[in-house]
Amino acid sequence: MNEKLSAASRRALNYSKNSDWFCEFREYDLRGDFAFQPGVTRRDPSAVLLMDGLYHCWYTKSVGETAGFGTGDPAAKVFPWDLSEVWYATSRDGWEWREEGLAVGLGEPGAYDDRSVFTPEIFAHDGRYYLVYQCVKAPYVVRVKNTIGMAVADSPAGPWRKLPEPILVPADNGEWLGEEDDRFSVISKGDFDSHKVHDPCLLHYRDQFYLYYKGEQMGEGLTMGGRDVRWGVATADHPEGPYVKSPYNPVTNSGHEVCVWPYRGGVAALITTDGPEKNTIQYAQDGINFEIVSVLKWTPEALGVFRDKDTDKDPLAGLRWGLSHRYHDQQGWQYIRRYEAFRPQYA
Ligand code: AAL
């Protein structure tokens, strides 16, 4: 064998394995209330649960145009996910969806969630349902800290009982520089999750509750893969907490919306959008130490996976289909679509 191996060939020595983790994606428009609707934003769908022959999902909903920051009007909508609430929909076939109504609304003025509640994930355990989602307390300025809230119900249709305080908050070890409302001027950055804790996703794992989440950092930097966005995990002995951040955080060096599923005693993750390892599937045998197992051509945005009862049967069983969202136009109208993952059959 040729003794001279290039750096790329040395790196490729391990690339031939894991091909069963490789997949591509297709995306489809949906019918009913999830069809595109100008003037309405529906985005960031949760995982899809199937119960008694009915599919259920939760998502961010808001109406009205996005004005952005700097209007001088504190009531102006600054992001498509500002002034939002968590809504709930069902479907008999996963294609035609019916909007059932509001699941979790804004808190009272002055509460930690009085400005926006958005980007939900659903977790079912022991006959009880848990929604985890992002919260913003007014005023929604650039430097506002985003937290994670939880609401609990005995039925997917609610009623939902909010916990009195967020279950997870950003690290408080960064220091802003000056008074200007920008998120990059800092005296010190602090931890990877010093500005926002986002995209919560709960799994029951190794007899604990693992809350995976995306962190955004004060003074956010750039890497060779773009935005420096990373995930962390916090664990608890009870679904309602208290959640303790892992000493291993951050557990990824890339990614955006959190998309994780259990597989054969470990945790699989779809890493998208940001960072040097974006568009990869990664696997952690211990739920903490993730390794790349496949590199993907393209991924849908903000996946909410269908929670298959048996995800051990195939590496991709936990990713096979679900919901995603798409920006229909730059006015900020996003809508929910269906995605499907498939293994390409090369001739
Ligand atoms: C989503 C999530 C978070 C971000 C925004 C709304 O895809 O990553 O919730 O803040 O985009």
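Using modelled atom types, one finds no donor on one side chain facing an acceptor on the other under 3.5 Å when comparing E96 with S91. Between E301 and T272, the side chains place no donor N or O within less than 3.5 Å of an acceptor N or O (distance only, hydrogens not considered). Defined by atom type and a distance below 3.5 Å, a donor-acceptor pair is present between the side-chain atoms of E277 and Q282. D191 and Q217 share no donor-acceptor pair across their side chains, judged by distance under 3.5 Å alone. R326 and Y335 are linked by a side-chain donor-acceptor pair at a separation below 3.5 angstrom, with hydrogens and angles left out of the test. In summary, the side chains of D199 and H256 do not present any donor paired with an acceptor at a separation below 3.5 Å, with no hydrogens or angles considered. Remark: the K61 side chain and the S84 side chain contain no N/O donor-acceptor pair separated by less than 3.5 Å. Between the side chains of K145 and H195, no donor-acceptor pair is found at a separation under 3.5 Å. Of the N and O atoms on the side chains of E99 and Y59, at least one donor lies less than 3.5 Å from an acceptor on the other residue. R42 and Q37 share a side-chain donor-acceptor pair at under 3.5 Å. Side-chain polar atoms of Y55 and W95 form no donor-acceptor pair below 3.5 angstrom. Residues Y213 and D193 bring a donor and an acceptor atom of their side chains to less than 3.5 Å of each other.
Atom CD of Q208 and atom OG1 of T235 lie 4.5 Å apart (nearest 0.5 Å). Once rounded to the nearest 0.5 Å, the distance linking NE2 of H198 with CG of D44 reads 9.5 Å. From E340, atom CD reaches atom CH2 of W321 across 8.5 Å, with rounding to the nearest 0.5 Å. Distance check, rounded to the nearest 0.5 Å: CZ of R143 to CZ of F184 gives 11.0 Å. For the atom pair CG of L323 and OH of Y28, the computed distance is 13.5 Å after rounding to the nearest 0.5 Å. Once rounded to the nearest 0.5 Å, the distance linking OG1 of T41 with CG of L83 reads 11.0 Å.
Salt bridge K214/E257: absent, no basic N to carboxylate O contact under 4.0 Å. Ion pairing between K297 and E24 holds under the 4.0 Å rule for side-chain N and carboxylate O. Between R230 and D228 there is a salt bridge, with a side-chain nitrogen of the basic residue lying less than 4.0 Å from a carboxylate oxygen of the acidic one. Ionic pairing of R343 and D314 is present here: one or more N-O contacts between side-chain nitrogen and carboxylate oxygen are shorter than 4.0 angstrom.
Considering only heavy atoms from C-beta on, K278 stays 4.5 Å or farther from T273 through its side chain. Between F22 and V293 there is no side-chain heavy-atom pair separated by less than 4.5 Å. Using a 4.5 Å cut-off on side-chain heavy atoms (C-beta onward), P120 and T60 make contact. Annotation: side chain of V305 is in contact with side chain of C259 (closest heavy-atom distance under 4.5 Å). The closest side-chain heavy-atom distance from I336 to L30 is below 4.5 Å. With a 4.5 Å cut-off on side-chain heavy atoms, I288 and Y248 count as touching. Residues V267 and P262 fail the side-chain proximity criterion, which asks for heavy atoms closer than 4.5 Å. L296 is listed as a side-chain neighbour of I281, based on a closest heavy-atom distance under 4.5 Å.
Listed for the R338 side chain is a donor-acceptor partner under 3.5 Å among the backbone atoms of G94. Here the side chain of D308 pairs no donor or acceptor atom with the backbone of T311 at under 3.5 angstrom. The backbone N or O of V233 lies less than 3.5 Å from a partner atom in the side chain of N249, making a donor-acceptor pair. A donor-acceptor distance shorter than 3.5 angstrom exists from the side chain of S46 to the backbone of W58, with no hydrogens or angles considered. With hydrogens and angles disregarded, a donor-acceptor distance shorter than 3.5 Å links the side chain of T71 to the backbone of D73.
Across all their heavy atoms, P74 and G72 have their closest contact at CD-O, 3.4 Å. Contact between T147 and V169 at its shortest, heavy atoms only, is CG2-CG1, 4.0 Å. Closest of all the heavy-atom pairs between C57 and V48 is CB-CG2, 4.4 Å. Taking all atoms of both residues into account, the shortest heavy-atom contact from R43 to Y327 is NH1-OH, 2.8 Å. The two residues R92 and D52 make their nearest non-hydrogen contact at NH1-O, 4.0 Å. In plain terms, the two heavy atoms of Y243 and A234 that are nearest each other are CD2-O, 3.6 Å.
Within a 6.0 Å sphere centred on CZ of R26, heavy atoms belonging to other residues, nucleotides or ligands number 12 at most.
Using cut-offs of 30° and 60° on the angle between ring planes, the pair W21 and Y263 is perpendicular. Using the six-membered ring where Trp is involved, F36 and H328 have ring planes that are parallel, under 30° apart on the 30 and 60° scheme. Ring geometry, F69 versus F79: the interplanar angle exceeds 60°, so the pair is classed perpendicular (tilted spans 30 to 60°). F123 and F209 have perpendicular rings, their planes meeting at more than 60° on a 0 to 90° scale where under 30° would count as parallel.
For Y212 and W231, the ring centers sit 6.0 Å or farther from each other.
L106 and Y133 fall within a single hydrophobic cluster, where Ile, Leu, Val, Met, Phe, Trp and Tyr are joined by side-chain heavy atoms under 4.5 Å apart, directly or via other members. Hydrophobic clustering, with ILVMFWY side chains joined whenever heavy atoms are under 4.5 angstrom apart, keeps W97 apart from Y88. L131 and I167 end up in different hydrophobic clusters when Ile, Leu, Val, Met, Phe, Trp and Tyr side chains are linked at under 4.5 Å. One hydrophobic cluster, built from ILVMFWY side chains closer than 4.5 Å, holds both L211 and M150.
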